[in-house]
Amino acid sequence: MQNSSGDARHTEQIEAHGLKALRLSASGSEALVYLHGAHLASFRTSEHGELLWTSELAVYAPGKAIRGGVPLCFPWFGPHATQSYLPAHGFARTREFRFEGSEMRGDNVVAELSLSSSEDTLPLFPHSFTARLRLTVGRELSVAFEVENTGVEPLDYELALHTYLGVSDVRHVEVSGLGDAVYDDKVSGERALTQGREPLRFTGETDRVYDSSARVTVLDVARKRRLVIDKTCSATTVVWNPWIEKAKRMADFGDDEWPGMLCIEAANTGARRISLPPESRHTTTTIISAETP
Ligand code: BG6
């Protein structure tokens with residue numbers, strides 16, 4: 001991307017909560033992304049307002065993951081498979097990314113941030129890589145996460161674009177698109193369950209990993225909107241709401257905030273992890289928009 005300083009008409013370099021950030025504006029929409037974790041914290045459209053959710057208790061500090069928005073879970077998802085002392089969901093969400101530039105493409109602004117392996121990451125993940133987050137902001141939001149294997153050995157990784165959607169009340173929304181999909185239930189520990197054809201409704205703590213590449217929609221009648229979560233090159237979808245007790249256990253999550261959010265995460269986890277041969281790349285994308293039902 002040529003314009004590394006960004007064009008002030010669509011890209012403002014700002015400081016928010018003491019962290020470096022970019023404000024991206026196009027087609028009446030606005031997004032805020034921190035360089036810390038390449039963490040997208042806000043996406044609002046002129047018609048539907050804020051589509052994402054961020055906790056009032058989110059911590060904005062080096063080394064901490066921001067609770068809300070779209071944390072990048074990379075290069076593993078959840079606890080590390082063999083070394084439990086390593087950070088949950090990998091390290092990308094707590095590393096400073098580099099702003100590579102932004103430009104207008106049609107009616108959208110496109111910004112790119114990158115993170116390369118370094119002396120800091122190699123002890124945690126012994127692979128050479130460059131990861132690039134490409135955000136396209138316009139009437140809809142596209143979050144594309146590309147990983148390039150810059151080493152000489154194959155590189156295996158997991159990834160989740162851990163999207164916290166804002167909802168009026170999770171107890172009253174309906175999620176469609178996962179009909180007949182097989183999932184693992186991380187709350188009960190049961191594996192290979194099958195989702196029925198009915199829309200998914202929420203009555204308790206939910207933490208599921210679906211084997212699904214499908215588009216998901218979230219009907220939110222009270223907000224008069226349907227959120228649409230499309231994706232490409234993502235074979236798993238994570239659905240998460242902590243509900244009452246788990247919310248209370250998280251220091252950066254208000255006790256009463258859980259009804260207002262729902263995570264629908266485009267992911268490649270577990271058996272669907274990505275195996276990248278040397279000198280190759282893979283991109284996973286989630287595309288988020290809202291419509292009037
Ligand atoms: C979800 C996981 O994606 O992230 C949950 O499926 C986890 O198991 C949640 O609790 C939040 O993780 P963290 O590390 O941000 O508290």
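Quick caveat: nothing in here was measured; it's all calculated off a predicted structure. All ligand and atom numbering here is 1-based and tracks the order in the structure.
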Look up atom CZ in R281 and atom CD1 in I274, then write down how far apart they are to the nearest 0.5 Å.
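One finds 15.5 Å between CZ of R281 and CD1 of I274.
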Quick one: do the T45 and E47 side chains pair a donor with an acceptor below 3.5 Å?
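Absent: no donor and acceptor within the cut-off.
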Would you say the side chains of E257 and S55 form a donor-acceptor pair under 3.5 Å?
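The criterion, which ignores hydrogens and geometry beyond distance, is satisfied for S55 and E257.
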D256: side chain to side chain donor-acceptor pair (under 3.5 Å) partners, not counting sequence neighbours:
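Side chain to side chain donor-acceptor pair (under 3.5 Å) list for D256, sorted by chain: empty.
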Between R139 and D107, does at least one N-O distance fall below 4.0 Å, as a salt bridge requires?
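Salt bridge flag = no for D107 with R139.
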Give a yes or no on whether a salt bridge exists between E291 and R225, defined as a side-chain N under 4.0 angstrom from a carboxylate O.
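Salt bridge between E291 and R225, a charged N being under 4.0 Å from a carboxylate O: no.
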Quick one, list the residues around ligand 1 where some non-hydrogen atom comes in under 4.0 Å, by chain and residue number.
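Near ligand 1, by chain and number: R67, F77, H89, R93, H162, K186, D207, V238, W240, K246, E265.
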